[in-house]
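Everything below concerns the one structure shown next.
Chain A is the first sequence line, chain B the second, and so forth, proteins listed ahead of strands; every chain is numbered from 1.
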Amino acid sequence: MWLIKSEPDVFSFENLMKSPKSTTCWHGVRNYQARNYMRDEMKLGDLVLYYHSNCDVPGVVGIAKVVKESYPDATAFEKKSDYFDPKATKENPRWFMVDVQAVAPMKQHVSLEDIKKNSKLSQMKLVQKGSRLSVQPVTESEFQEICKMGKVNF
DNA sequence: GCCAACGTTGGC
DNA sequence: GCCAACGTTGGC
């Protein structure tokens with residue numbers, strides 16, 4: 001299971017729910033470790049915690065799932081794109097993405113503050129100092145604890 | 001807006 | 001391969 005970060009001003013969980021089929025391609029990740037998780041380890045049906053960063057109340061706001069496994073991130077080929085990377089080619093794409101679909105919003109948002117206060121979640125990468133990974137694995141028990149705090153069942 | 005922590009780039 | 005300079009992330 002996973003946690004992905006998004007800035008709500010750029011693409012919020014509400015935006016995801018309003019998208020066609022509640023699905024979007026998770027383009028624009030330009031960090032190798034995050035890419036490796038997407039390319040190598042995110043599997044169809046994997047559940048994902050959707051986290052809002054860089055906003056008033058950062059935290060987990062919804063549940064999503066992987067609906068398509070990794071494929072090349074075409075925004076890296078587009079010169080006009082903010083995510084253009086001159087070193088990415090179709091033969092050697094360099095950057096990958098998956099498709100994610102909204103499953104359900106949290107009944108109650110689980111703020112970063114609440115996560116930090118919960119001793120069961122102290123091992124999460126999210127709360128470790130200096131961790132900035134935008135795609136990160138979470139354990140089953142962490143996932144369940146967050147769901148419990150968000151008053152949803154999975 | 002500030003700034004600590006991290007990641008990447010590129011000269012040497 | 002080292003490391004200084006620069007860019008980015010993201011909480012506060």
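Salt-bridge annotation for A/D40 and A/R35: absent, with no side-chain N of the basic residue lying under 4.0 Å from a carboxylate O of the acidic one. Salt-bridge check for A/R30 with A/D85: failed, with every basic side-chain N at 4.0 Å or more from each acidic carboxylate O.
Within the 4.0 Å cut-off from OP1 or OP2 of B/dC6, not a single side-chain nitrogen or oxygen of A/K125 is found. Taking side-chain N and O atoms only, A/K5 has no distance below 4.0 Å to OP1 or OP2 of C/dT9. Close to C/dG11, at under 4.0 Å from its OP1 or OP2, lies a side-chain N or O of A/Y51. Here A/K129 reaches the OP1 or OP2 of B/dA5: one of its side-chain N or O atoms lies under 4.0 Å away.
Taking the centre of each ring, A/Y32 and A/W95 come in below the 6.0 Å mark.
Here the nucleotide nearest the side chain of A/Y32, chosen from B/dT8, C/dG10, C/dC12, is B/dT8. Closest to the side chain of A/R94, out of B/dC6, C/dG11, B/dT9, is B/dT9.
If you measure from atom CD of A/Q136 to atom P of C/dT9, you get 15 Å, rounded to the nearest angstrom. The separation between A/R132 atom CZ and C/dG10 atom P is 7 Å, rounded to whole Å. One atom, CG of A/L133, and another, C1' of B/dG7, lie 11 Å apart when rounded to the nearest Å. Atoms CD (A/Q33) and P (B/dG7) sit 7 Å apart, rounded to a whole Å. Atom OH of A/Y83 and atom C1' of C/dT9 are 13 Å apart (whole Å). Remark: C1' of C/dG10 and NZ of A/K116 are 10 Å apart, rounded to the nearest angstrom. Atom C1' of nucleotide B/dT9 and atom CG of A/N31 are separated by 15 Å, given to the nearest angstrom. A/R35 has its CZ atom 14 Å from the C1' atom of B/dT8, to the nearest Å.
The number of heavy-atom neighbours closer than 6.0 Å to CD of A/E41, taken from other residues, nucleotides and ligands shown, is above 12.
Looking at A/R30, its side chain has no donor and acceptor atom pair within 3.5 Å of the base of C/dT8.
Expressed to the nearest 0.5 Å, how far CE of A/M97 lies from CE of A/M38 amounts to 9.0 Å.
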